[in-house]
Amino acid sequence: MIPNAYRSLHCNAVRPEHIGQTVTLCGWVNSARDHGGVIFIDLRDREGLTQVVFRPEENAALAEQSHTLRDEDVIQVIGKVAARLTGTENAKLGTGEVEIVATELKVLNKSEVLPFHLDREMSNEDLRMKYRYLDLRRERMNKNIRTRHKITTAARNYLDATGFIEVETPILSNPTPEGARDFLVPARLSPGKFFALPQAPQQYKQLLMVAGLERYFQIARCFRDEDLRADRQPEFTQIDIEASFIEQNDIIQLVEGLLASMFKAGQGVDIPTSFQRITYQHAMDVYGSDKPDTRYGLEIVDMADVFANSGFKIFRTILEGGGVVRAINAKGFAGITTGQMIRLNELAIQAGMKVKQLAFIKVERNAEGVLEYKSPLWKFFGEDEQKALIAKLGVEENDIVFFYAGTWDDACNILGKVRLEIASMQKLTEGSTALNFLWVVDFPLLAYSPEDQSWVAVHHPFTRPKAEDVPLLNAGEYGKVRAEAYDVVLNGYELGGGSIRIHESDLQAKMFSVLGVTPEEQELKFSHILEAFKFGAPPHGGLALGLDRIAMLVSGEESIREVIAFPKNNKACDLMTDSPTNVDFKSLRELYVQSTWKEKKKEDAEAPAA
RNA sequence: GGAGCGGUAGCUCAAUUGGUUAGAGCGCCAGCCUGUCACGUUGGAGGUUGCGGGUUCAAGUCCCGUCCGUUCCGCCA
């Protein structure tokens, strides 16, 4: 801290070495302990606390003044640093061996009583958001905001050191044809036209590669007008990266180093700089998710070989029809409650399960000490099947095995969700400090959308197909084409993702046509990028990391709201500033915009009862 | 758009099967208190139980509607 007229030290900096010195401190009254005679004030600034003592026998007028201090008053104190009386040291404070014997007190600003306690956790989110500036005074929030600063700085430093150049791209840009809903901004000088806020600087960063920048990054604010979640806000921040003359492996190594520097800065931990890599296919098969949490097992096991010739007709028929039979062994979860079972089934039904109940086998020892396989379907299995099943799943006493038989898509989706819910019910990650980073690679390039009755890009339309799969693309086997795309995952959270891009205009045009973008639309919406690719676009690729999620995980929080200074609530409103807000007719008219929104009519209270 | 959980004093929560004047801790205000650090202590103020309707002799509690918060599903290239 640079001393100035307001203060000579931060509160937390006062140490025994200062004993005898006169210091000036500023801050907030954290607590005032008035003993009638002597008064203690804990003075707080952003760095910490120092105890200030006022004694009537030394300065009666000053002591009298100190009686009027209330919590959160902003004050300046001049005083002499003294050792605390023997036996009154406070080991809980960094400054607990010393105190300031005040000689001058200036009240810089009185505070009204706060609407909530700063030193206690709150459950009233409304109130926290309305008084966010007070919420941020709390130690936890102060720490979160500063941790975010540290990891952002670490990222900047790392990327600068590895040759990346920070470039700002436009916030006012064009709507994205596919993907999330855009926030629109009316363009007054182009009547009737609109800008959109960027969902990501995707096209700009690729054009910077065409521009020959070779290595670009940006701490980029992005906007998506979709419904919110604990880890999704309408505006959020990405560490956006793009580089030329690189391959997937180069990006992966770069990002491993980048994340290591960020976790080092934020948490002080050294994470391994070579993460496990698994294919999308493997992730879906074994975890039923493309962002698997590998802090626990509960792996999904394919049971096709066990049931291929099963006497249990349902399983056999599904297998013969090209479906799958898969199982999860929840170790030690035979004590599942009825309520938990109901919840699992509800979850599975919501995820697309066609039957009412998940098939299961529960293994418990009965009163006679004999192992019992309690299950609606155990009796349908032959003895060999039973043995094979037990061996394959490692079934033991107190386990419960859940089955799903159906299409591969449904099995992944349903068992993936069941797996997460069981882990939550069994509290498998409680108290865990594990950081399970991994890469998911070889994503499919395209997925068929039954709603749109067309193929859509799994990542985005600029993603490069794997070279060896291009023949499949040309042959129209769209579902089998894999992409040069990769996601980085931590403990079940997608931290970021990216791809090697298409840099040839003919391949890009081919991709657009597969996606059902007509030549006219291509010309209208993408002519700039298609044209740019004709002028010597280098091979390039990149990735974007969700800074908010990383900050959340580094801080051990469960919502990104806790690491964003001024977040929006569930309805995308800011309760502090009461935004969004109505605008008057004149403002709208200037923009050539008219609202069609009508307030719902109140129910006719006057109407006679029917 | 759908589902779950929640809404009681400024804050955090309690209130049995529907039954007395809706309580506690913290905070606040006032008094006392010269070594506390979540100071102590005595007293006091503070409530449209989110809102509207209904059932009932009686509703914080049951029913219907609605609003708000939150979590999840849908959605998020």
Side-chain angles (χ1 to χ4, degrees), chain A residues 30-43 49-58 63 67 70-72 84-93 95-96 99 101 112-131 134 176-182 199-200 202-203 222-234 236 342-343 346-347 349-352 413 417 420-421 424 443 445-447 449 451-452 455-463 483 485 494 497 499 511 515 517 546 558-559 561 569-571 573 575 600 602-603 605 609:
Chain A
N30 199 62
S31 79
R33 295 179 295 279
D34 185 341
H35 288 257
V38 67
I39 283 198
F40 300 101
I41 301 290
D42 285 344
L43 188 61
L49 294 179
T50 284
Q51 175 166 281
V52 182
V53 59
F54 296 86
R55 295 196 189 95
E57 66 271 24
E58 287 174 8
H67 285 286
R70 293 292 179 272
D71 286 1
E72 300 305 309
R84 291 203 184 185
L85 301 185
T86 310
T88 66
E89 299 89 351
N90 185 348
K92 281 187 264 180
L93 290 183
T95 58
E99 61 193 6
V101 180
E112 290 190 11
V113 175
L114 265 44
F116 51 77
H117 299 266
L118 295 185
D119 56 354
R120 236 191 278 178
E121 288 302 313
M122 303 254 313
S123 57
N124 190 335
E125 291 287 320
D126 267 15
L127 208 63
R128 286 185 66 193
M129 290 307 156
K130 184 172 177 190
Y131 297 100
L134 298 179
T176 321
E178 288 183 62
R181 211 172 278 122
D182 290 307
Q199 296 178 25
Q202 183 59 38
Q203 293 184 43
C222 303
F223 305 85
R224 292 179 191 174
D225 187 10
E226 295 293 344
D227 285 9
L228 287 76
R229 290 284 190 279
D231 62 353
R232 272 163 38 188
Q233 283 272 309
F236 58 100
I342 289 167
R343 257 184 77 194
E346 279 174 355
L347 193 88
I349 288 166
Q350 205 171 32
N413 191 24
K417 286 189 168 126
L420 290 179
E421 185 61 27
S424 156
F443 274 81
L445 183 70
L446 298 157
S449 163
E451 290 164 42
D452 305 335
W455 291 89
V456 295
V458 169
H459 188 53
H460 59 53
F462 311 106
T463 302
E494 182 193 330
S499 61
M511 186 65 185
L515 292 169
V517 184
E558 287 183 351
S559 166
R561 283 192 305 268
N569 75 3
N570 233 5
K571 293 223 168 69
C573 296
L575 296 177
K600 264 190 214 162
K602 289 222 167 128
E603 291 300 317

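Numbers restart at 1 for each chain; the letters A, B, ... are given by sequence-line order, proteins then strands.
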Phosphate contact ([N] OP1 or OP2) by [X] side-chain N/O below 4.0 Å:
| X | N | answer |
| --- | --- | --- |
| R128(A) | G69(B) | no |
| S123(A) | U12(B) | yes |
| R33(A) | C39(B) | yes |
| K417(A) | G74(B) | yes |
| K571(A) | G69(B) | yes |
| R343(A) | A3(B) | no |
| S559(A) | U70(B) | no |
| N570(A) | U71(B) | yes |

Rounded to the Å, how far apart are [X] [atom1] and [N] [atom2]?
| X | N | atom1 | atom2 | result |
| --- | --- | --- | --- | --- |
| R181(A) | G1(B) | CZ | C1' | 11 Å |
| F54(A) | U34(B) | CZ | C1' | 15 Å |
| I349(A) | C72(B) | CD1 | P | 21 Å |
| Q199(A) | C76(B) | CD | C1' | 9 Å |

Worksheet entry | Position toward the 5' end of RNA chain B (nearest nucleotide), D34(A) or R561(A) | D34(A)
Fill in: First encountered from the 5' end of RNA chain B, between V38(A) and M129(A)
V38(A)
Item to complete: Would you please determine if the base of C11(B) is stacked by F116(A), with stacking meaning a centroid separation under 5.5 angstrom and planes under 30 degrees?
Response: no
Worksheet item: Side-chain contact, heavy-atom cut-off 4.5 Å: R224(A) with R181(A)?
Response: no
Fill in: Residue pair D182(A) / T176(A), side-chain heavy-atom distance below 4.5 Å
yes
Taking [M] as the reference, what is the distance to [N] when you measure between their [atom1] atoms (whole Å, please)?
| N | M | atom1 | answer |
| --- | --- | --- | --- |
| C51(B) | G10(B) | P | 13 Å |
| U16(B) | G7(B) | P | 13 Å |
| C73(B) | A58(B) | C1' | 42 Å |
| G47(B) | G18(B) | P | 28 Å |
| C63(B) | G44(B) | C1' | 41 Å |
| G69(B) | C76(B) | C1' | 22 Å |
| G50(B) | U70(B) | C1' | 15 Å |
| U8(B) | G60(B) | C1' | 7 Å |

Is a donor-acceptor pair below 3.5 Å formed from side chain [X] to base [N], judging by atom type as modelled?
| X | N | result |
| --- | --- | --- |
| E57(A) | U34(B) | yes |
| D227(A) | G74(B) | yes |
| R70(A) | G27(B) | no |
| H117(A) | C26(B) | yes |
| R232(A) | C75(B) | yes |

Worksheet entry | Strand partner of G6(B), provided both Watson-Crick or wobble distances fall under 3.5 Å | C68(B)
Worksheet item: What does C62(B) pair with, Watson-Crick or G-U, if both distances are under 3.5 Å?
Response: G54(B)
Assign [X] to base, sugar-phosphate, or nothing according to its heavy-atom contacts below 4.0 angstrom with the strands shown.
| X | result |
| --- | --- |
| E89(A) | base |
| L49(A) | nothing |
| N124(A) | sugar-phosphate |
| E99(A) | base |

Worksheet entry | Candidate pair V52(A) and F54(A), rule side chain to side chain contact (heavy atoms under 4.5 Å, CB included), full reasoning | CA-CA 7 Å; V52(A) 182; F54(A) 296 86; 3.7 Å; yes
Item to complete: Count the heavy atoms belonging to other residues, nucleotides or ligands that lie under 6.0 Å from CD of E121(A), then report whether that count exceeds 12.
Response: yes
Item to complete: Report the C-alpha separation of E421(A) and R343(A) in whole Å, then their side-chain angles, then the decisive distance to 0.1 Å, and conclude whether the side chain to side chain contact (heavy atoms under 4.5 Å, CB included) test is met.
Response: CA-CA 9 Å; E421(A) 185 61 27; R343(A) 257 184 77 194; 2.6 Å; yes
Discussion item. Please determine whether side chain to side chain contact (heavy atoms under 4.5 Å, CB included) holds for the pair I39(A) and R33(A), giving the CA-CA distance in whole Å, both sets of side-chain angles, and the decisive distance to 0.1 Å.
Written reply: CA-CA 6 Å; I39(A) 283 198; R33(A) 295 179 295 279; over 6 Å; no
Practice prompt. Start with the C-alpha gap between L43(A) and N30(A), add the side-chain angles, then the distance that decides, and say whether side chain to side chain contact (heavy atoms under 4.5 Å, CB included) holds.
Written response: CA-CA 6 Å; L43(A) 188 61; N30(A) 199 62; over 6 Å; no
